[in-house]
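Not measured: the values here are computed from a predicted model.
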Amino acid sequence: MQLMQPSFVLVRDQKAKCFLLFIRGAISPRERLTAASSVEVPFHHIVLNEGQIDNVILGYAHCGMLAAARWISNLVMPPLRNAVREFPDYQIKVIGHSMGAGIGAILTYILREHYDFTSCTCLAFGPAACMTWELAESGKDFITSLVNRDDVVPALSKVAMESLRSEVMVSSKLDDPQDEAHLGLFAKISQRVAFAKSHMLSISHSTGKTADPDSSISEPLLKEAVEITQPEENGLKIDCIHEAYFVANPEQDLSAVSVDASAERVILVNNDGDVSVESAAGSAVSASQGDVESNATLDSEQASSTAKEEASQNLNGSGKEKQKESPSAPALRQLFPPGRIIHMVAQPSPDPNPGEGTSSKEAISIYETPRDLYGRIRLAPNMIDEHYMPSYISTMELLLEQLQSDNIVSRASDDL
């Protein structure tokens, strides 16, 4: 068995008068690699009406599943065409589970583009997210996707996983109010250090090491520690005492900073024009604004205002609003389960003593759910176990028991 070549079988059901094409889900490592080939590739569906092209649906599909569907179509179309001509009253049904359901849905689109197979329909059990919204919506008339309880696979896509990862990272930092306050303090400290590094060259020394003023300000939530300038042999240096001054005074608004390495002192210029000189011992003296060059002060004030605006935008744009917005990049395309989606939901039975025809205290309800519910991953304890086919069979058996019991009740009421 090669990549992009899943297991399938084509049978003829004489009783139901239909041809059944079964496609298995991913079991072997090669089949799982097919499911992992999740790049979105262009896929367009031609809609036929009485043998004529009526519409063209543009979209994207899962690369591995699309390749597997095309491989199956090349193999089954010749014998299937002969069988349909021999039994013209037979219908074609494609049935699959998991990855096989996604392949079967795409294969149904391909088969319906041929006049002999326009009656083809698909039943998908726990289908993987395999196509974009427009394509998935266009298959409501001939594709039915059945989802079991908390099955996570129909909502599993690259965009959904990236969204979940981003939400976990942001919520871990912002859920606790104390952590949120610490992040605000951290952003201010990061702003001061980045601002100091960006002005050491123009004010203090011509050979000093500078840094990009936007390097640390624009990402206060993503860095785990403040970037500190490393000392150089012949350049400037900031020792631990100077760094401690910034940490101890995060609320002080600085517009210019210079470091005199020979005298071991730091010159701080605030927006009010006052100048303070901080020595290594911690003493401070005041001076007038005329002691600092006017050009350097103007440049520093402009850079400081720009840095503050960028920092405030990042702090306001980040936070709890990121939990509501979708962090998906424009380059990524959200994939969805195909066709009409029917969801089986288990609820506690309203009858504490179930009848003889039922074997469980659960009541199974079925709903036609909107597609956008499967754009996000919802974590649940049994989201993996309930994806496998035995769980689907168990839920459907409970549903059939309830339906049979309802029929008995209705018949008894009619007789009365």
Side-chain angles (χ1 to χ4, degrees), residues 1-10 21-48 53 55-78 80 92-114 117-118 120-145 153-162 328 331-341 371 374-375:
M1 182 182 299
Q2 302 297 324
L3 291 176
M4 318 296 181
Q5 298 180 4
S7 300
F8 71 95
V9 61
L10 177 63
L21 177 59
F22 296 96
I23 305 176
R24 192 181 69 180
I27 295 179
S28 66
R30 293 184 182 273
E31 291 172 337
R32 291 191 176 95
L33 288 177
T34 300
S37 304
S38 57
V39 178
E40 305 90 4
V41 295
F43 176 61
H44 312 316
H45 172 53
I46 300 176
V47 181
L48 297 181
I53 297 178
N55 192 11
V56 178
I57 309 298
L58 306 181
Y60 290 81
H62 187 285
C63 177
M65 298 182 192
L66 176 58
R70 294 194 185 280
W71 175 76
I72 295 177
S73 66
N74 293 332
L75 294 179
V76 302
M77 276 199 291
L80 191 58
I92 303 174
K93 294 183 180 180
V94 181
I95 302 173
H97 171 251
S98 189
M99 182 193 73
I103 296 173
I106 299 175
L107 177 61
T108 304
Y109 282 93
I110 297 174
L111 293 178
R112 289 180 64 90
E113 294 179 353
H114 300 269
F117 311 132
T118 54
C120 181
T121 58
C122 177
L123 177 59
F125 293 95
C130 58
M131 60 185 65
T132 50
W133 182 282
E134 292 77 10
L135 284 171
E137 282 289 318
S138 65
K140 279 188 170 182
D141 294 335
F142 52 88
I143 297 177
T144 300
S145 296
V153 172
L156 203 61
S157 65
K158 291 195 301 182
V159 174
M161 289 189 290
E162 178 63 22
S328 59
L332 296 177
R333 298 174 179 87
Q334 177 75 60
L335 300 182
F336 296 92
R340 181 188 181 194
I341 303 176
R371 196 173 314 281
Y374 305 92

Run the side-chain contact (heavy atoms from CB on, under 4.5 Å) check on Met161 and Leu156 step by step: do they pass? CA-CA 7 Å; Met161 289 189 290; Leu156 203 61; 4.0 Å; yes
Please identify each residue that fulfils side-chain hydrogen bond (donor to acceptor under 3.5 Å, both in side chains) with [X], with sequence neighbours left out.
X	value
Ser98	His387
Ser157	Gln334
Tyr374	His343, Thr369

Least distance between heavy atoms, [X] atom then [Y] atom:
X	Y	value
Met65	Gly102	SD-CA, 4.0 Å
Cys120	Leu111	SG-CD1, 3.9 Å
Val153	Gly126	CG1-O, 4.1 Å
Ile27	Arg32	O-NH1, 2.6 Å
Ala105	Pro338	CB-CG, 3.4 Å
Trp71	Gln5	CE2-CG, 3.4 Å

Measure the spacing between [atom1] of [X] and [atom2] of [Y] and express it to the nearest 0.5 Å.
X	Y	atom1	atom2	result
Asn55	Ser138	CG	OG	8.5 Å
Met77	His114	CE	NE2	4.0 Å
Leu107	Ile23	CG	CD1	5.0 Å
Ile92	Thr118	CD1	OG1	8.5 Å
Leu335	Ser38	CG	OG	8.0 Å
Thr108	His45	OG1	NE2	9.5 Å

State which residues pass salt bridge (charged side-chain N to carboxylate O under 4.0 Å, His left out) with Lys158; sequence neighbours excluded, sorted by chain then number. Glu40
Would you please name every residue forming a side-chain contact (heavy atoms from CB on, under 4.5 Å) with Arg70, sequence neighbours left out? Phe43, Leu66, Ser73, Ile110
In sequence, state the C-alpha distance, the side-chain angles, and the governing distance for Lys93 and Leu123, and then conclude on side-chain contact (heavy atoms from CB on, under 4.5 Å). CA-CA 7 Å; Lys93 294 183 180 180; Leu123 177 59; over 6 Å; no
Whether the side chain of Thr132 engages the backbone of Tyr60 through a donor-acceptor N/O pair (distance < 3.5 Å, no angle test) should be reported. yes
Is it the case that the side chain of His62 and the backbone of Ala129 share a donor-acceptor pair, with hydrogens and angles ignored and the cut-off at 3.5 Å? no
Hey, could you give me each pair passing salt bridge (Lys or Arg N to Asp or Glu O under 4.0 Å) that has a residue in residues 128-137? Not counting sequence neighbours. Glu137-Lys140, Glu137-Arg371
Ile95 vs Phe125, test: side-chain contact (heavy atoms from CB on, under 4.5 Å). Steps then yes/no. CA-CA 8 Å; Ile95 302 173; Phe125 293 95; 3.8 Å; yes
Determine, step by step, whether Val76 and Phe8 satisfy the side-chain contact (heavy atoms from CB on, under 4.5 Å) criterion, reporting the C-alpha distance in whole Å, the side-chain angles of both residues, the deciding distance to 0.1 Å, and the verdict. CA-CA 10 Å; Val76 302; Phe8 71 95; 3.3 Å; yes
Check the angle between the aromatic planes of Tyr109 and Phe142 and answer parallel, tilted or perpendicular using the 30° and 60° thresholds. perpendicular
Heavy-atom side-chain contact between Pro6 and Thr34 under 4.5 Å: no
Is it the case that more than 12 heavy atoms not belonging to Arg112 sit under 6.0 Å from its CZ atom? yes
